[in-house]
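Take a look at the structure below.
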Amino acid sequence: MIGEYRKIVEHYENCLAHYGDTPRGVDWTKEAEVDVRYKVMLEVIRRSDASAVSLLDFGCGTSHLFEYILRNSLQSGIEYSGLDLSEKFIEVSKNKFPNINYYQADIIKNPDAVPAFDYIVMNGVLTEKRELSFEEMWEYAQTLLARVFEKARRGVAFNVMAKTVDWERDDLFHLPMDTLAAFLVKKLSRNFIIRSDYGLYEYTTYLYR
């Protein structure tokens with residue numbers, strides 16, 4: 001399945017080649033929504049976490065989440081690292097932020113290449129399925145979430161497209177909430193929050209230990 005998922009990686013690399021280091025370069029077409037997602041992703045961090053926490057930006061692209069962290073002076077409480085399957089995205093990120101730890105790794109094929117973190121966020125990793133069928137994407141999502149959760153000491157945040165929309169796009173991954181909830185309860189954790197309160201046609205799940 002990871003080979004099939006490479007088609008999605010190639011799509012994002014084509015966006016980068018066409019639009020450069022911009023929101024469009026990671027296929028966010030509405031720039032006004034980008035910071036909304038970053039804010040929601042970071043709110044997975046519990047307020048009780050008084051000291052700095054380690055955070056892995058899984059599918060970091062060109063590190064726009066880290067730029068958001070810097071713009072909002074959040075870096076003192078967050079030890080940021082980035083991971084991406086794409087060597088091209090990692091190269092851009094490393095050139096921008098040479099002092100940040102980056103991982104170009106396939107967590108399904110080589111989970112040992114990814115260390116543990118307090119929190120892992122996956123912004124946009126599971127929102128597009130491109131040419132994959134729903135069944136193929138759902139199989140991949142379950143495998144990926146299980147591997148990622150193994151590496152999270154405290155919690156994981158990830159978003160998918162909602163089913164409660166006027167119409168669905170064939171290239172996006174619209175996942176029913178009850179399907180996701182049943183999987184999380186059975187395989188990963190009963191301790192989760194589903195957020196659909198931030199005005200976009202998607203929802204974000206916080207999965208905790």
Side-chain angles (χ1 to χ4, degrees), residues 21 23 26 28 33-86 89-108 110-127 141 144-160 180-181 184-185 187-200 202-209:
D21 183 12
V26 289
W28 291 129
E33 299 176 351
V34 171
D35 280 3
V36 174
R37 291 189 177 94
Y38 297 147
K39 180 177 184 292
V40 170
M41 284 287 147
L42 294 177
E43 286 175 353
V44 68
I45 299 172
R46 299 281 201 185
R47 292 184 179 180
S48 58
D49 292 318
S51 59
V53 297
S54 60
L55 176 80
L56 178 64
D57 184 5
F58 190 101
C60 63
T62 56
S63 300
H64 292 164
L65 175 60
F66 186 57
E67 292 175 357
Y68 175 88
I69 290 171
L70 294 177
R71 285 198 307 273
N72 290 275
S73 302
L74 301 173
Q75 63 269 30
S76 63
I78 298 174
E79 298 171 358
Y80 176 94
S81 298
L83 177 148
D84 209 285
L85 262 176
S86 169
F89 280 107
I90 291 294
E91 181 180 0
V92 173
S93 288
K94 283 183 174 180
N95 286 336
K96 289 163 65 175
F97 303 110
N99 294 325
I100 295 294
N101 289 324
Y102 287 103
Y103 304 86
Q104 197 246 315
D106 180 341
I107 197 172
I108 291 180
N110 188 15
D112 291 340
V114 183
F117 294 84
D118 293 325
Y119 292 96
I120 301 176
V121 298
M122 306 166 66
N123 182 26
V125 174
L126 298 175
T127 53
L144 183 63
L145 288 171
R147 287 291 174 85
V148 169
F149 194 52
E150 290 175 354
K151 301 295 183 176
R153 288 187 286 259
R154 303 186 189 183
V156 173
F158 61 93
N159 51 358
V160 297
L180 175 62
L184 296 179
V185 168
K187 298 294 186 178
L188 300 182
S189 172
R190 300 185 66 90
N191 188 11
F192 62 88
I193 296 169
I194 293 179
R195 287 192 58 178
S196 183
D197 65 339
Y198 53 99
L200 306 185
E202 62 182 58
Y203 62 92
T204 294
T205 301
Y206 301 156
L207 180 64
Y208 293 104
R209 291 288 172 191

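Side chains are part of it too, since the values below use all heavy atoms of this structure and drop only hydrogens, waters and symmetry mates. Please read all numbers here as calculations on a predicted model, not as lab measurements.
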So [Y] and [X], do their side chains get closer than 4.5 Å, heavy atoms only?
X	Y	answer
Lys187	Leu145	no
Lys39	Asn72	no
Phe192	Val185	yes
Val40	Tyr206	yes
Glu33	Pro23	no
Leu180	Phe158	yes
Leu56	Val148	no

Check whether Ser189 reaches the backbone of Leu184 with its side chain - one donor and one acceptor, N or O, closer than 3.5 Å.
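No.
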N/O donor-acceptor pair under 3.5 Å between Asn159 side chain and Gly124 backbone:
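Confirmed, Asn159 side chain pairs with Gly124 backbone.
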Output the distance between atom [atom1] ([X]) and atom [atom2] ([Y]), rounded to the nearest 0.5 Å.
X	Y	atom1	atom2	answer
Leu74	Tyr80	CG	OH	13.0 Å
Arg190	Leu207	CZ	CG	12.5 Å
Ile78	Ile45	CD1	CD1	4.0 Å
Phe149	Arg209	CZ	CZ	4.0 Å
Asp197	Thr204	CG	OG1	9.0 Å
Met41	Leu55	CE	CG	10.5 Å

Atom NZ of Lys151: over 12 foreign heavy atoms under 6.0 Å:
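Check passes, neighbour count above 12.
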Between [X] and [Y], which heavy-atom pair has the shortest distance, and what is it?
X	Y	value
Ile193	Tyr208	CD1-CE1, 4.1 Å
Thr205	Ile194	OG1-CG1, 3.8 Å
Gln104	Leu85	NE2-O, 2.9 Å
Tyr119	Val44	CE2-O, 3.5 Å
Val160	Thr127	CA-CG2, 4.1 Å
Phe58	Val125	O-CG2, 3.2 Å

Sequence-distant partners of Glu150, side chain to side chain contact (heavy atoms under 4.5 Å, CB included), two or more places apart
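Per chain and number, Glu150 pairs via side chain to side chain contact (heavy atoms under 4.5 Å, CB included) with Arg147.
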For Ala113, give me all partners under side chain to side chain contact (heavy atoms under 4.5 Å, CB included), at least two apart in sequence or on another chain.
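For Ala113, the residues satisfying side chain to side chain contact (heavy atoms under 4.5 Å, CB included) (neighbours in sequence not counted) are Ala105, Asn110.
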List the steps and the verdict of side-chain contact (heavy atoms from CB on, under 4.5 Å) for Asn123 and Leu65.
CA-CA 9 Å; Asn123 182 26; Leu65 175 60; over 6 Å; no
Verdict with supporting geometry, Ser63 and Val92, side-chain contact (heavy atoms from CB on, under 4.5 Å)
CA-CA 9 Å; Ser63 300; Val92 173; over 6 Å; no
Output every pair passing salt bridge (charged side-chain N to carboxylate O under 4.0 Å, His left out) with a member in residues 55-84, not counting sequence neighbours, ordered by first then second residue.
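Listed by first then second residue: Asp35-Arg71, Glu67-Lys96.
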Verify side-chain contact (heavy atoms from CB on, under 4.5 Å) between Asp21 and His64, making sure each step is shown before the conclusion.
CA-CA 9 Å; Asp21 183 12; His64 292 164; 2.7 Å; yes
Quick one: sort the Tyr38 and Tyr68 rings into parallel, tilted or perpendicular, breaks at 30° and 60°.
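If you compare the ring of Tyr38 with that of Tyr68, the planes turn out tilted.
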